[in-house]
Amino acid sequence: MKNLKLKSARAELDMSQAELAQAVGVTRQTINQIESGEYNPSIKLCISICKALNKTLDQIFWTDTTQILPKKEITENRIMN
């Protein structure tokens, strides 16, 4: 799944993929793969990215379950909890 939150947060700071990559010690291609959903970063890298963007893990990497679970599954989950 594409990480549009990462791309948006980076754009808010007018930061290129290359600049973010340099700030967190990875390649531009790694940032591109994270944004395109082709690569799942380690928690260490996620934290570094969030610090560089002045965001929380929830703001960049948390996926709202309503985006990935069918409505029936969400309803069943709420009933059980």
Side-chain angles (χ1 to χ4, degrees):
M1 182 183 313
K2 289 187 178 186
N3 191 328
L4 299 178
K5 293 177 185 179
L6 172 56
K7 188 173 185 176
S8 176
R10 187 174 54 72
E12 284 176 17
L13 297 176
D14 197 31
M15 184 181 279
S16 69
Q17 288 181 342
E19 291 168 330
L20 178 57
Q22 184 175 12
V24 300
V26 297
T27 66
R28 182 202 57 79
Q29 290 85 349
T30 298
I31 299 300
N32 182 52
Q33 288 179 327
I34 295 168
E35 288 183 359
S36 66
E38 297 172 19
Y39 178 75
N40 290 318
S42 68
I43 189 68
K44 184 178 177 182
L45 179 53
C46 289
I47 291 168
S48 294
I49 290 170
C50 288
K51 284 181 180 180
L53 297 174
N54 198 30
K55 298 286 185 180
T56 66
L57 287 169
D58 286 347
Q59 290 173 313
I60 302 295
F61 293 102
W62 182 255
T63 303
D64 184 3
T65 57
T66 59
Q67 294 175 345
I68 59 173
L69 294 176
K71 287 184 181 181
K72 180 181 176 191
E73 206 170 318
I74 293 169
T75 304
E76 289 171 358
N77 193 20
R78 288 184 182 154
I79 291 170
M80 294 176 77
N81 293 325

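In what follows, residues are counted from 1 in the order of the sequence shown. Model, not experiment: these values are computed from the prediction.
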S.K.: Could you give the distance from CD (Gln29) to OG (Ser36), rounded to the nearest 0.5 Å?
M.R.: 11.5 Å
S.K.: Of all residues at least two apart in sequence or in a different chain, which pass the side-chain contact (heavy atoms from CB on, under 4.5 Å) check with Asp58?
M.R.: Thr56, Trp62
S.K.: Is the shortest heavy-atom distance from the side chain of Ile31 to the side chain of Ile49 under 4.5 Å?
M.R.: yes
S.K.: Mind checking what makes side chain to side chain donor-acceptor pair (under 3.5 Å) contact with Thr30, not counting sequence neighbours?
M.R.: Thr27
S.K.: Please say whether more than 12 non-hydrogen atoms of neighbouring residues, nucleotides or ligands are located less than 6.0 Å from CD in Glu19.
M.R.: yes
S.K.: Locate the shortest heavy-atom distance separating Pro41 from Phe61; write the atom from each residue and the value.
M.R.: CG-CE2, 4.0 Å
S.K.: Begin with the C-alpha distance, continue with both residues' side-chain angles, and end with the deciding distance and a verdict on side chain to side chain contact (heavy atoms under 4.5 Å, CB included) for Leu45 and Ile34.
M.R.: CA-CA 11 Å; Leu45 179 53; Ile34 295 168; 4.0 Å; yes
S.K.: What I'd like to find out is whether the side chain of Leu57 reaches to under 4.5 Å of the side chain of Ile43, using heavy atoms alone.
M.R.: yes
S.K.: Can you list the residues that meet the side-chain contact (heavy atoms from CB on, under 4.5 Å) rule with Asn32, with sequence neighbours excluded?
M.R.: Gln17, Arg28
S.K.: If the condition is side-chain contact (heavy atoms from CB on, under 4.5 Å), which residues does Ala23 pass it with, not counting sequence neighbours?
M.R.: Ala52
S.K.: Kindly state each residue pair satisfying salt bridge (Lys or Arg N to Asp or Glu O under 4.0 Å) with at least one member in residues 32-53, sequence neighbours excluded.
M.R.: Arg10-Glu35
S.K.: Name all residues meeting the side-chain contact (heavy atoms from CB on, under 4.5 Å) criterion together with Lys55; count only those two or more places apart in sequence or in a different chain, and write none if there are none.
M.R.: Ala9, Glu12, Leu53, Gln59, Ile60
